[in-house]
Colleague: 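Sharing a structure, written as structure tokens. Questions coming.
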Amino acid sequence: FEEALDGFRAALRRFEEGDEFIRMAEQYGNIGSVHRDLEQPDEALESYAEALAIYQQLGLRERAADQCTNIAYARFMKKEYEEALRWYREALALYTQTGSEDKRALTAENVSRLAAALEGTSE
């Protein structure tokens, strides 16, 4: 994992030097996923937020939605279930707008399951 982080960070620095914003966002997403796999959701959230901001600025809604699902999962890891649900719903809206049907369907399933679980705990 440390070698992967080093490689993604080195790539990020190179892409920053060249103002290659999409590639920068991809590296932030990769870094976030390594932290997620290391069970470091706070660090993952920081990287995912960087990637999301770039994709939003560039108007890349499907890629922004991908980061929303990453953020949702990291929030879920932290047991922040309401916040996770909010991020999944944001991703769902973006996938619907972009016509990304497969991703929309998977995200809709996550929303349904999490919403149902949260309803069950509030009774």
Side-chain angles (χ1 to χ4, degrees):
F1 287 113
E2 289 306 317
E3 286 180 31
L5 280 175
D6 290 343
F8 292 140
R9 288 178 179 141
L12 175 61
R13 285 189 297 276
R14 283 193 301 276
F15 293 136
E16 286 173 333
E17 291 169 3
D19 288 334
E20 295 182 52
F21 297 108
I22 292 174
R23 301 294 176 240
M24 289 167 49
E26 290 170 346
Q27 298 314 307
Y28 277 120
N30 290 337
I31 291 166
S33 294
V34 171
H35 284 296
R36 178 200 62 215
D37 292 347
L38 288 169
E39 297 184 16
Q40 299 170 334
D42 289 324
E43 291 85 349
L45 286 166
E46 289 176 26
S47 293
Y48 292 148
E50 292 285 348
L52 175 61
I54 293 170
Y55 289 137
Q56 286 174 325
Q57 204 168 24
L58 296 174
L60 299 173
R61 292 182 296 180
E62 183 175 349
R63 288 184 180 219
D66 294 342
Q67 295 310 308
C68 290
T69 62
N70 287 336
I71 291 168
Y73 187 76
R75 292 290 179 190
F76 187 87
M77 289 176 71
K78 292 175 55 109
K79 298 181 178 16
E80 297 174 353
Y81 303 123
E82 291 287 343
E83 195 64 11
L85 183 58
R86 183 179 77 77
W87 282 101
Y88 277 129
R89 285 181 171 147
E90 177 69 21
L92 182 60
L94 290 168
Y95 287 139
T96 299
Q97 291 171 12
T98 62
S100 304
E101 183 52 34
D102 290 343
K103 291 179 180 181
R104 188 211 60 77
L106 288 171
T107 304
E109 289 176 22
N110 287 336
V111 167
S112 284
R113 281 194 300 268
L114 186 52
L118 288 172
E119 285 176 16
T121 61
S122 67
E123 295 176 0

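Keep in mind the model is a prediction, meaning the values are calculated, not measured.
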Colleague: Between side-chain atoms of residues 105-118 and protein atoms elsewhere (two or more places apart, or another chain), which donor-acceptor pairs fall under 3.5 Å?
Modeller:
{"unit_1": "Thr107", "atom_1": "OG1", "unit_2": "Lys103", "atom_2": "O", "d": "2.8"}
{"unit_1": "Asn110", "atom_1": "OD1", "unit_2": "Arg113", "atom_2": "NH2", "d": "2.8"}
{"unit_1": "Ser112", "atom_1": "OG", "unit_2": "Ala108", "atom_2": "O", "d": "3.3"}

Colleague: With Arg13, which residues qualify under side chain to side chain donor-acceptor pair (under 3.5 Å), at least two apart?
Modeller: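 By the side chain to side chain donor-acceptor pair (under 3.5 Å) rule, Arg13 matches no residue at all.
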Colleague: Given the rule that I, L, V, M, F, W and Y join up when any side-chain heavy atoms are under 4.5 Å apart, are Trp87 and Leu85 in one cluster?
Modeller: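 As far as the 4.5 Å side-chain criterion goes, Leu85 and Trp87 are not connected within one cluster.
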Colleague: Of all residues at least two apart in sequence or in a different chain, which pass the side-chain contact (heavy atoms from CB on, under 4.5 Å) check with Ala11?
Modeller: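 Counting only residues at least two positions away or on another chain, Ala11 forms a side-chain contact (heavy atoms from CB on, under 4.5 Å) with Arg14, Phe15, Gln27.
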Colleague: Please identify each residue that fulfils side-chain contact (heavy atoms from CB on, under 4.5 Å) with Gln57, with sequence neighbours left out.
Modeller: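 Expected list: none.
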Colleague: Taking all atoms of both residues into account, what is the closest heavy-atom pair of Met77 and Glu39, and its distance?
Modeller: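 Smallest heavy-atom distance, with atoms named: CE-CA, 3.7 Å.
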Colleague: Show the numbers, then the answer: is there a side-chain hydrogen bond (donor to acceptor under 3.5 Å, both in side chains) between His35 and Glu43?
Modeller: CA-CA 6 Å; His35 284 296; Glu43 291 85 349; 5.0 Å; no
Colleague: Is the count of non-hydrogen atoms from other residues, nucleotides or ligands lying under 6.0 Å from Glu3 atom CD greater than 12?
Modeller: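 It does not: Glu3 CD has 12 such atoms or fewer within range.
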Colleague: Above 12 or not: heavy atoms from other molecules or residues under 6.0 Å from CG of Asp102?
Modeller: no
Colleague: According to side chain to side chain donor-acceptor pair (under 3.5 Å), who are the partners of Glu2, at least two apart in sequence or on a separate chain?
Modeller: none
Colleague: For Arg36, what residues pass the salt bridge (Lys or Arg N to Asp or Glu O under 4.0 Å) criterion, not counting sequence neighbours?
Modeller: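 None.
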Colleague: Which pair of non-hydrogen atoms, one from Leu45 and one from Lys78, has the smallest distance, and what is that distance?
Modeller: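 Shortest heavy-atom contact: CD1-CD, 3.7 Å.
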Colleague: What heavy-atom pair brings Gly32 and Ala44 nearest, and what distance separates the two atoms?
Modeller: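 Looking at all heavy atoms of both residues, the shortest contact is O-CB, 3.3 Å.
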Colleague: State the CE-CD distance between Met24 and Glu17, to the nearest 0.5 angstrom.
Modeller: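 The distance works out to 11.0 Å.
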Colleague: Quick check: Tyr81 with Phe76 (ring centres under 6.0 Å apart)?
Modeller: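 Yes: the rings meet the under 6.0 Å criterion.
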Colleague: Check whether Leu60 and Leu12 end up in the same hydrophobic cluster, where Ile, Leu, Val, Met, Phe, Trp and Tyr are linked by side-chain heavy atoms less than 4.5 Å apart.
Modeller: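 Hydrophobic grouping puts Leu60 with Leu12.
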Colleague: Would Leu38 end up clustered with Phe8 when hydrophobic side chains under 4.5 Å apart are linked, directly or stepwise?
Modeller: yes
Colleague: Report the residues that fulfil salt bridge (Lys or Arg N to Asp or Glu O under 4.0 Å) with Glu83, sequence neighbours left out, ordered by chain and then residue number.
Modeller: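 So Glu83 forms a salt bridge (Lys or Arg N to Asp or Glu O under 4.0 Å) with Arg86.
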Colleague: Only counting residues at least two apart or in another chain, list the ones meeting side-chain contact (heavy atoms from CB on, under 4.5 Å) with Glu26.
Modeller: Ile22, Arg23, Tyr55, Arg63
Colleague: Just to verify, what does Arg61 make a side chain to side chain donor-acceptor pair (under 3.5 Å) with, not counting sequence neighbours?
Modeller: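 For Arg61 the side chain to side chain donor-acceptor pair (under 3.5 Å) partners, ignoring immediate neighbours, are Gln97.
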Colleague: Are Tyr48 and Tyr73 connected in a single hydrophobic cluster, I mean Ile/Leu/Val/Met/Phe/Trp/Tyr linked by side-chain heavy atoms less than 4.5 Å apart?
Modeller: no
Colleague: If the condition is side chain to side chain donor-acceptor pair (under 3.5 Å), which residues does Thr69 pass it with, not counting sequence neighbours?
Modeller: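 Not a single residue meets the side chain to side chain donor-acceptor pair (under 3.5 Å) criterion with Thr69.
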Colleague: Nearest heavy-atom pair of Ile31 and Ser47: which atoms, and what distance?
Modeller: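 Heavy-atom minimum between the residues: CG2-OG, 3.3 Å.
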Colleague: Quick check on the hydrophobic clustering: are Tyr28 and Phe1 connected, directly or via other members, by side-chain heavy-atom contacts under 4.5 Å?
Modeller: yes
Colleague: Can you list the residues that meet the salt bridge (Lys or Arg N to Asp or Glu O under 4.0 Å) rule with Glu82, with sequence neighbours excluded?
Modeller: none
Colleague: Give me the atom names and distance for the closest heavy-atom approach of Ala91 to Cys68.
Modeller: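 That closest heavy-atom pairing would be CB-CB, 3.7 Å.
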Colleague: For Ala53, which residues count as a side-chain contact (heavy atoms from CB on, under 4.5 Å) partner, sequence neighbours excluded?
Modeller: none
Colleague: What is the minimum heavy-atom distance between Thr98 and Glu62, and which atoms define it?
Modeller: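 Taking Thr98 first and Glu62 second, the nearest heavy atoms are CG2-N, 3.7 Å.
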